[in-house]
J.: 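Handing you this structure, nothing more for now.
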Amino acid sequence: MRPQRLLITGAAGRLGSHLRQGLKPHVAAMRLSDIAPMAPAGVGEEVVSCDLADKPAVGRLVAGCDAVVHLGGIPNEQPFERIVEANIKGVVHLYEAARRHGVRRLVYASSNHVVGFHRQGEVLGTDCERRPDGFYGLSKSFGEDVARLYFDRWGIESACLRIGSCVAQPSDRRMLHTWLSHRDLNELVRCCLAAPSLGFRILWGVSAHRDPWWRDEAAASLGFHPADSSEPHRERLERLPPLDASDPARLYQGGAFVKMGPFEDGW
Ligand code: NAI
Ligand code: 15L
């Protein structure tokens, strides 16, 4: 499908800023939303400030859109109370608004932290056991279940992207396996929006690496073929001092997230 009006939540953020530019040629119009300030609207754009924890505001935000790329929320380990507002309530408000306003397709930014307690080196399919590595990973796991529910019950299509590390360049040894280039992110989201039929699916958001931790042969059926790889960065990254062999950040796929928190706020 070619979205007539695509909503991007979290549009002021790191990934949102890239997708705002990258998806523009592929949609008729865009509504860009965040709780943080954003660059003013350009041609074919609307800019709307909205807190995802505010249910009526999310309802108004979604009205008139036919597809959503949902990036908004807390992107790392934080106190549970904050994650509940932005990620747990936020994702329910968004899907509920999608149902009420007839949105047919969403792309949900899930995370590798849904599976962060699998060992590094283990090769996972998209159907692997979930092993969240904190409240953040739990919230993303919940979001995947919300997406599944809205497909099973109301036929609203979703791709849940378990994004690895989406940064300009890989910056540590773990990213030899987890890096997703900005170009590949853009192409993956574009493929999810353009596919004639998407259904419900979980996809890894990762570029093509020599020793992958995540495999998904089905992604190619959407037309997604990653263009980038961590290989050109290997020499530089392998010169970095390795973590201690017993460090949990070296043992588990979630890296340093597996040892963050819990935070003391609210106790
Ligand atoms: P980011 O923090 O730069 O962007 C997230 C945006 O959400 C921010 O602009 C923030 O203001 C907004 N936001 C936070 N709470 C909100 C609320 N209550 N209401 C409305 N907006 C709110 O993060 P980034 O890196 O761009 O990530 C985007 C999405 O992708 C996040 O959902 C993150 O969990 C997910 N992701 C990102 C990865 C990465 O490598 N950058 C890896 C895995 C997942
Ligand atoms: C994520 O889910 C985070 O949003 C991002 O900031 C990175 O830390 C990434 O995972 C990662 O695992 O590298």
Side-chain angles (χ1 to χ4, degrees), residues 1-11 13 15-34 41-48 50 52 58-73 90-110 126 143-163 166 180 182-206 216-227:
M1 65 181 277
R2 176 178 160 85
Q4 291 306 297
R5 183 175 288 112
L6 173 72
L7 168 64
I8 303 182
T9 70
L15 305 193
S17 306
H18 281 283
L19 291 174
R20 177 177 182 173
Q21 299 309 321
L23 294 177
K24 210 167 183 173
H26 307 290
V27 302
M30 274 187 187
R31 184 173 293 166
L32 302 156
S33 179
D34 205 295
V43 177
E45 294 180 342
E46 289 168 80
V47 166
V48 180
C50 177
L52 292 161
V58 176
R60 292 190 295 276
L61 177 67
V62 170
C65 296
D66 55 345
V68 180
V69 175
H70 181 42
L71 308 169
V91 74
V92 172
H93 294 165
L94 190 77
Y95 272 86
E96 200 37 27
R99 180 188 68 76
R100 284 189 284 117
H101 293 290
V103 174
R104 300 311 306 158
R105 184 172 296 186
L106 293 92
V107 178
Y108 170 58
S110 183
T126 55
E144 291 184 0
D145 284 341
V146 172
R148 174 92 238 181
L149 170 67
Y150 277 75
F151 178 67
D152 288 342
R153 193 144 172 201
W154 292 289
I156 297 172
E157 296 185 302
S158 282
C160 299
L161 310 183
R162 288 185 181 160
I163 301 170
C166 190
L180 174 66
H182 289 141
R183 170 165 63 168
D184 285 342
L185 168 74
N186 199 78
E187 178 61 4
L188 178 57
V189 175
R190 189 196 67 74
C191 288
C192 291
L193 292 173
S197 169
L198 188 67
F200 168 85
R201 58 179 88 199
I202 292 171
L203 298 163
W204 299 112
V206 68
D216 178 13
E217 276 74 30
S221 69
L222 281 180
F224 176 59
H225 303 284

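Numbers here are sequence positions counted from 1.
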J.: Search all heavy atoms of Asp66 against all heavy atoms of Gln4 and return the closest pair with its distance.
T.: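 Heavy atoms of Asp66 and Gln4 come nearest at OD2-N, 2.8 Å.
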J.: Testing the basics here: between Pro3 and His26, what is the closest heavy-atom pair and its distance to 0.1 Å?
T.: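 What the structure gives for the nearest pair is CD-O, 4.0 Å.
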J.: Go through the structure and list residues passing side chain to side chain contact (heavy atoms under 4.5 Å, CB included) with His182, not counting sequence neighbours.
T.: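 Side chain to side chain contact (heavy atoms under 4.5 Å, CB included) list for His182, sorted by chain: His18, Cys166, Ala168.
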J.: What's the shortest heavy-atom distance between Cys50 and Leu61, and which atoms?
T.: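 Nearest heavy atoms, Cys50 then Leu61: SG-CD2, 3.9 Å.
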J.: List the residues meeting side chain to side chain donor-acceptor pair (under 3.5 Å) with Arg2, not counting sequence neighbours, and say none if there are none.
T.: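 Checked Arg2 against side chain to side chain donor-acceptor pair (under 3.5 Å); zero matches.
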J.: Not counting sequence neighbours, which residues clear side chain to side chain contact (heavy atoms under 4.5 Å, CB included) with Phe151? List them please.
T.: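 Here the qualifying residues are Arg148, Glu157, Phe200.
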J.: Please enumerate all residues that pass salt bridge (charged side-chain N to carboxylate O under 4.0 Å, His left out) together with Arg100, with sequence neighbours excluded.
T.: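 For Arg100 there are no salt bridge (charged side-chain N to carboxylate O under 4.0 Å, His left out) partners, ignoring immediate neighbours.
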J.: What pairs with His93 under ring pair (Phe, Tyr, Trp, His ring centres under 6.0 Å), at least two apart in sequence or on another chain?
T.: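 Ring pair (Phe, Tyr, Trp, His ring centres under 6.0 Å) list for His93, sorted by chain: empty.
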J.: Check Val69 against Val189 and note the closest heavy-atom contact, atom names and distance.
T.: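 Scanning both residues, the minimum pair turns out to be CG2-CG1, 3.8 Å.
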J.: Give me the atom names and distance for the closest heavy-atom approach of Glu144 to Ser110.
T.: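 Heavy atoms only, the tightest pair is OE2-OG, 2.7 Å.
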J.: Determine which pairs satisfy salt bridge (charged side-chain N to carboxylate O under 4.0 Å, His left out) with at least one residue from residues 188-205, sequence neighbours left out, and list them in order.
T.: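 Matches after skipping sequence neighbours: Glu187-Arg190.
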J.: Any side-chain heavy atom of Arg153 sitting closer than 4.5 Å to one from Arg99?
T.: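 Contact flag for Arg153/Arg99 side chains = no.
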J.: For the side chain of Thr9 and the backbone of Leu71, is there at least one donor-acceptor N/O pair under 3.5 Å apart?
T.: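 Yes.
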J.: List the residues meeting salt bridge (charged side-chain N to carboxylate O under 4.0 Å, His left out) with Glu46, not counting sequence neighbours, and say none if there are none.
T.: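 Counting only residues at least two positions away or on another chain, Glu46 forms a salt bridge (charged side-chain N to carboxylate O under 4.0 Å, His left out) with Arg5, Arg31.
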J.: Taking C-beta and beyond as the side chain, do Val103 and Leu7 meet within less than 4.5 Å on heavy atoms?
T.: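 Val103 does not reach Leu7 side chain to side chain.
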J.: If I take atom CZ from residue Arg20 and atom CD1 from residue Ile8, how far apart are they, to the nearest 0.5 angstrom?
T.: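 Output value for this atom pair is 8.5 Å.
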J.: Taking only residues two or more places apart in sequence, or in another chain, which ones meet Phe224 in a ring pair (Phe, Tyr, Trp, His ring centres under 6.0 Å)?
T.: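 Testing Phe224 for ring pair (Phe, Tyr, Trp, His ring centres under 6.0 Å), a comparison that skips the adjacent residues, returns none.
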J.: For Arg183, enumerate each residue passing the salt bridge (charged side-chain N to carboxylate O under 4.0 Å, His left out) test, keeping only those at least two apart in sequence or located in another chain.
T.: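 Arg183 satisfies salt bridge (charged side-chain N to carboxylate O under 4.0 Å, His left out) with Asp228 only.
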J.: Testing the basics here: between Ala147 and Cys160, what is the closest heavy-atom pair and its distance to 0.1 Å?
T.: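 Scanning both residues completely, I find the closest heavy atoms to be CB-SG, 3.7 Å.
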J.: Under the rule for side chain to side chain contact (heavy atoms under 4.5 Å, CB included), what residues qualify as partners of Asn186, not counting sequence neighbours?
T.: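 With sequence neighbours excluded, Asn186 shows a side chain to side chain contact (heavy atoms under 4.5 Å, CB included) to Leu19, Leu23, given in chain and number order.
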J.: Measure the OH-CG distance between Tyr108 and Leu203 for me, rounded to the nearest 0.5 Å.
T.: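 The OH atom of Tyr108 sits 14.0 Å away from the CG atom of Leu203.
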J.: For a 4.5 angstrom cut-off between non-hydrogen side-chain atoms, does Leu198 reach Leu222?
T.: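 In contact.
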J.: Under the salt bridge (charged side-chain N to carboxylate O under 4.0 Å, His left out) test, which residues partner Arg104, sequence neighbours left out?
T.: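 Partners of Arg104 under the salt bridge (charged side-chain N to carboxylate O under 4.0 Å, His left out) test: none.
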J.: Rounded at 0.5 Å granularity, tell me how far CG in Leu188 sits from CH2 in Trp204.
T.: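 Going from CG on Leu188 over to CH2 on Trp204, the span is 13.0 Å.
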J.: Could I get the full list of side chain to side chain contact (heavy atoms under 4.5 Å, CB included) partners for Val146, not counting sequence neighbours?
T.: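 In terms of side chain to side chain contact (heavy atoms under 4.5 Å, CB included), with neighbours along the sequence ignored, Val146 is linked to Val91, Val92, Tyr95, Phe142, Tyr150.
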